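Beneath this line is the structure, given in structure tokens, with notes to follow.
These numbers were taken from a predicted model, which means no experiment stands behind them. Letters go in sequence order (proteins before strands), and every chain restarts at 1.
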There are 2 protein chains.
Amino acid sequence: MTHTKKRIIESAIRIFNEDLSAPLQKVADNAAVTRRTLHRYFKDRNELVAVCKQAIESSCKKAMISAIQSSDDALIQLERMLYAGIDCGAKYSVFYKLHQSKDHKHTHQNKNCADYDHIYNQFQGIIIELQKEGKISPAMSPEWIQVLHSGIIESTVNARQTTTKSFEEIKELAWTSYIKAIAP
Amino acid sequence: MTHTKKRIIESAIRIFNEDLSAPLQKVADNAAVTRRTLHRYFKDRNELVAVCKQAIESSCKKAMISAIQSSDDALIQLERMLYAGIDCGAKYSVFYKLHQSKDHKHTHQNKNCADYDHIYNQFQGIIIELQKEGKISPAMSPEWIQVLHSGIIESTVNARQTTTKSFEEIKELAWTSYIKAIAP
DNA sequence: TTCAAATGTCACACATTTGAGAAATATTTA
DNA sequence: TAAATATTTCTCAAATGTGTGACATTTGAA
């Protein structure tokens, strides 16, 4: 994939994330190319959106899975999953929304959905494991923790734009807050 | 203000929140009126957007201020501010984003910005007070807590759509998680 | 330098969205 | 019920967005 194509996709994700119906001109501007160039790489708007979704799916999935596989210790797995989500940035928000949204037909027939479910089954497994170990409060349901998880990631991504703190400092704050929030 | 006008504004906020460039037809459909009726109440798209922003500003502002004034106890003030944000729902996210966004010129000349700053000065005052009282960790900066605050609110609003729990249960979970996250 | 690939410029047809007039219909209010 | 008001329906012109062809320009590698 060319550098330009990648840049267009990155821009499209940024733009569509906050305005799904934004004119393609905006995406082109953001990527510093002409609309004509954009159309050379993507047949039409639908194709661009589809490619964005696919890029989001695969990059988030990759990051999540590698976070899970990076350790046997559930607590470390959880921490790395948080960092992975933060590193994915806006992509993670979309990834999450994609499968939660009302008009999305979530089904195991769809490979993306199956992979998503697989990841979140593992996530829930980690939570339940940590609850057994007494490291997470049993009063917090795995569903709520999942919602909180993505909320903390969003906060962190937002904080990056407003605060003067370094990225590493914010990540640390995020993890500290998160683990304390769900502690017994 | 007529019932119809209110309904159009509510719909517009809902729709624009997830898709700022959505066609006005969508807003009209959502409000169960014709596009023609919508245009009778609002000169054009810009005016509708402006009115939505104003509605968001004033309703969130009202809720926040009344939360602050409802008690002298900083901890209760903080809790009620969280609930107020949750009750505002999607509006709160927009309210927050409106003043944080890059292309927004945040200035005290603008009444909305001045009010926003006033509220957030009070918020930070509450945080600092609680830190003095030893009820909040001094390691957490007021800026981070503010970001976290809005993140928890977003989580809660999202949770409402996915979970089977009652609204009251989610709110409780939200407050418990939040206060534990920032506790010393 | 030279050539090919990538990108930009401009022009165009077409689709969708927008905003508004005029008359018909529905709803409210006195 | 009758008048006043609000809404819908149908219509249309202007504005904006979309996708593409033809050709010019730039870029980077040989």
Side-chain angles (χ1 to χ4, degrees), chain A residues 1-59 90-91 93-94 97-98 101-105, chain B residues 1-59 90-91 93-94 97-98 101-105:
Chain A
M1 172 144 29
T2 67
H3 176 59
T4 306
K5 189 166 185 181
K6 272 186 197 157
R7 231 179 41 238
I8 294 174
I9 294 174
E10 291 298 317
S11 299
I13 290 172
R14 250 196 306 280
I15 299 290
F16 291 156
N17 182 39
E18 47 186 41
D19 185 359
L20 191 62
S21 305
L24 296 179
Q25 186 67 61
K26 268 198 183 177
V27 177
D29 289 348
N30 193 278
V33 294
T34 356
R35 198 163 57 82
R36 192 65 188 81
T37 300
L38 187 152
H39 277 297
R40 279 201 188 94
Y41 286 97
F42 304 96
K43 194 179 124 289
D44 58 23
R45 187 190 191 86
N46 289 340
E47 185 177 307
L48 177 57
V49 170
V51 171
C52 286
K53 282 191 185 174
Q54 198 47 54
I56 286 166
E57 294 280 354
S58 73
S59 90
K91 278 186 207 154
S93 311
V94 184
K97 278 182 214 155
L98 272 179
S101 101
K102 279 176 294 246
D103 47 345
H104 167 68
K105 283 197 196 68
Chain B
M1 170 140 38
T2 66
H3 176 60
T4 306
K5 189 166 184 181
K6 272 187 196 154
R7 232 179 39 237
I8 294 174
I9 294 173
E10 290 299 317
S11 299
I13 290 173
R14 250 195 307 279
I15 300 289
F16 290 156
N17 184 38
E18 48 185 38
D19 186 359
L20 191 63
S21 303
L24 297 178
Q25 185 66 63
K26 269 199 184 178
V27 177
D29 289 348
N30 194 279
V33 295
T34 337
R35 199 163 56 81
R36 192 64 190 82
T37 300
L38 187 152
H39 277 296
R40 195 162 292 107
Y41 285 99
F42 304 97
K43 195 181 124 287
D44 58 20
R45 186 190 193 86
N46 291 338
E47 185 176 310
L48 177 57
V49 171
V51 171
C52 286
K53 283 188 183 174
Q54 197 48 54
I56 287 167
E57 294 279 355
S58 73
S59 94
K91 277 186 208 158
S93 311
V94 184
K97 278 182 214 154
L98 272 180
S101 102
K102 279 175 294 248
D103 47 345
H104 168 65
K105 284 195 195 68

inquiry  = Near DNA chain D, counting only heavy atoms under 4.0 Å, which residues of residues 8-15 of chain B show up?
reply    = none
ask   = Hey, are the side chains of B:Ile15 and B:Leu20 touching, using non-hydrogen atoms and a 4.5 Å cut-off?
value = no
ask   = What is the distance from atom OG of B:Ser11 to atom CG of B:Leu38, rounded to the nearest 0.5 Å?
value = 9.0 Å
task = Measure across B:Tyr41 and B:Glu47 and return the closest heavy-atom pair with its distance rounded to 0.1 Å.
result = O-OE2, 3.8 Å
task = Would you mind classifying the nucleic acid contact of B:Thr4 as base, sugar-phosphate or nothing, using non-hydrogen atoms under 4.0 angstrom?
result = sugar-phosphate
query = Taking atom C1' of C:dG19 as reference, at what distance in whole Å does atom CG of B:Leu48 sit?
reply = 13 Å
key: Sequence neighbours excluded, every pair satisfying salt bridge (charged side-chain N to carboxylate O under 4.0 Å, His left out) that has a member inside residues 20-44 of chain A   = none
Atom-to-atom span, CD of B:Glu47 to C1' of C:dT18 - whole angstrom = 14 Å
query = For A:Val33, what residues pass the side-chain contact (heavy atoms from CB on, under 4.5 Å) criterion, not counting sequence neighbours?
reply = A:Thr4, A:Arg7, A:Ile8, A:Ala28, A:Ala31, A:Thr37
query = Going through the checks in order, is the side chain to side chain contact (heavy atoms under 4.5 Å, CB included) test met by B:Phe42 and B:Ile9?
reply = CA-CA 10 Å; B:Phe42 304 97; B:Ile9 294 173; 3.7 Å; yes
remark   = In numerical order, the residues of residues 21-34 of chain A whose heavy atoms come under 4.0 Å of DNA chain C are A:Ala32, A:Val33, A:Thr34
Under 3.5 Å between N/O atoms: give me all the protein pairs with nucleotides 20-23 of chain C, atom names plus distance.
residue, atom, partner, partner atom, Å
C:dA20, OP2, B:Lys43, O, 3.2
C:dA20, N7, B:Arg36, NE, 3.4
C:dG21, N7, B:Arg36, NE, 3.3
C:dG21, N7, B:Arg36, NH2, 3.1
C:dG21, O6, B:Arg36, NE, 3.1

query = At their closest point, which heavy atom of B:Phe16 faces which heavy atom of B:Ala22, and how far apart are they?
reply = CE2-O, 3.9 Å
task = Name all residues meeting the side chain to side chain donor-acceptor pair (under 3.5 Å) criterion together with B:Ser21; count only those two or more places apart in sequence or in a different chain, and write none if there are none.
result = A:Asp19
query = Looking at residues at least two apart in the chain, or sitting in another chain, which of them share a salt bridge (Lys or Arg N to Asp or Glu O under 4.0 Å) with B:Lys91?
reply = B:Glu10
note = Here the gap from A:Thr34 atom OG1 to A:Gln25 atom CD, rounded to the nearest 0.5 Å, amounts to 8.5 Å
ask   = To 10°, what angle do the rotation axes through the five end pairs on each side of the helix from C:dT1-D:dA30 to C:dA30-D:dT1 form?
value = 40°
Every protein N/O within reach of nucleotides 25-30 of chain C N/O, cut-off under 3.5 Å:
none

Polar atoms only, N or O, under 3.5 Å: list the protein pairs with nucleotides 24-30 of chain D and their distances.
none

inquiry  = Going by side-chain contact (heavy atoms from CB on, under 4.5 Å), name the residues that satisfy it together with B:Lys53, two or more places apart in sequence or in a different chain.
reply    = B:Val49, B:Leu98
B:Tyr41 side-chain N/O to D:dT7 phosphate OP1/OP2 under 4.0 Å = yes
A:Arg45 side chain near D:dT18 phosphate (N/O to OP1/OP2, under 4.0 Å) = yes
ask   = Sequence neighbours excluded, which residues qualify as side chain to side chain donor-acceptor pair (under 3.5 Å) partners of B:Ser58?
value = none
